[in-house]
Amino acid sequence: MKADRLSKVPVIAIVDDDEAMRDALCELVQVMGFSTEAFDGAAAFLADLAPGRFDCLITDVRMPGMDGIDLQRRLRALGSTMPVVMITSAPDPAGRARALEGGACAYLAKPVDDCALLGHLRSALGHDEGPGEDSPGG
């Protein structure tokens with residue numbers, strides 16, 4: 001048996017309090033060739049967190065309770081080096097700076113551009129090539 005990077009499909013955790021956005025992101029990321037697990041908030045994600053379970057986190061910035069930037073801080077405090085992609089419906093320079101200074105690998109505005117998200121996921125996961133040709137946008 002071959003043991004290479006392609007033998008394990010990366011698992012992407014998606015945390016967003018908006019169910020429609022969460023579902024759309026899951027579908028998009030799955031079409032890109034990744035596995036997903038969705039959570040309706042930071043607390044639900046942290047309750048299910050285990051070392052090595054997720055390869056990357058996509059989280060909304062603005063959520064009730066703990067927001068995405070606080071979630072990222074909590075992960076870093078726990079010693080996690082998991083890549084984090086922040087998404088937001090209300091982008092602002094100060095929030096972007098805080099997210100990136102805290103270690104986020106990307107800060108994207110909603111609606112998320114498919115190609116940009118795929119590029120950031122590939123980069124975060126150390127993949128130079130994707131799982132095949134991208135379909136043309138529509």
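If you're wondering where the values come from, they're calculated on a predicted model, not measured in any experiment. By convention here, the first residue in the shown sequence is residue 1.
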In terms of hydrophobic clusters joined by side-chain contacts under 4.5 Å, are I14 and M63 together?
no
Short side-chain to backbone donor-acceptor contact, R76 and S80, under 3.5 Å
yes
L25/L117 under side chain to side chain contact (heavy atoms under 4.5 Å, CB included): CA gap, chis, key distance, verdict
CA-CA 10 Å; L25 280 169; L117 180 60; 4.2 Å; yes
Are R96 and M86 side-chain neighbours, meaning at least one heavy-atom pair lies under 4.5 Å?
no
Is there a continuous path of hydrophobic side-chain contacts, each under 4.5 Å between heavy atoms, that joins V15 to V11?
yes
Is any side-chain heavy atom of D67 closer than 4.5 Å to a side-chain heavy atom of R62?
no
Student check: side-chain heavy atoms of P64 and D17 closer than 4.5 Å
yes
Salt-bridge criterion met for K110 and D60 (N-O under 4.0 Å):
yes
Given I58, D113, I87, V61, the one that forms side-chain contact (heavy atoms from CB on, under 4.5 Å) with L108
I87
Identify whether L78 and M82 are in the same connected component of the hydrophobic contact network (ILVMFWY, side-chain heavy atoms under 4.5 Å).
yes
Closest non-hydrogen atoms of C56 and L125, given as atom of the first, atom of the second and distance, are CB-CD2, 4.1 Å
Taking Q72 for the side chain and V84 for the main chain, is one N or O donor matched with an acceptor at less than 3.5 Å?
no
Can you classify the ring geometry of F45 versus F39 as parallel (below 30°), tilted (30 to 60°) or perpendicular (above 60°)?
perpendicular
May I ask you to decide if A38's main-chain N or O and R22's side chain share a donor-acceptor pair within less than 3.5 Å?
no
Within the structure provided, determine whether D18 and D40 are in side-chain contact (heavy-atom separation under 4.5 Å).
no
Would L49 and L75 satisfy side chain to side chain contact (heavy atoms under 4.5 Å, CB included), going step by step from the backbone distance to the final call?
CA-CA 10 Å; L49 184 63; L75 288 172; 3.5 Å; yes
So if you build clusters from Ile, Leu, Val, Met, Phe, Trp, Tyr with side-chain heavy-atom gaps below 4.5 Å, do V112 and M32 land together?
yes
Can you see which heavy atom on C105 is nearest to which on V85, and at what distance?
SG-CG2, 3.7 Å
Note, S35 side chain near I12 side chain (heavy atom, < 4.5 Å)
no
Can L28 be reached from Y107 by stepping across I, L, V, M, F, W or Y side chains whose heavy atoms are under 4.5 Å apart?
no
Show the nearest heavy-atom pair for residues V9 and G33, with the distance to one decimal.
CG1-O, 3.4 Å
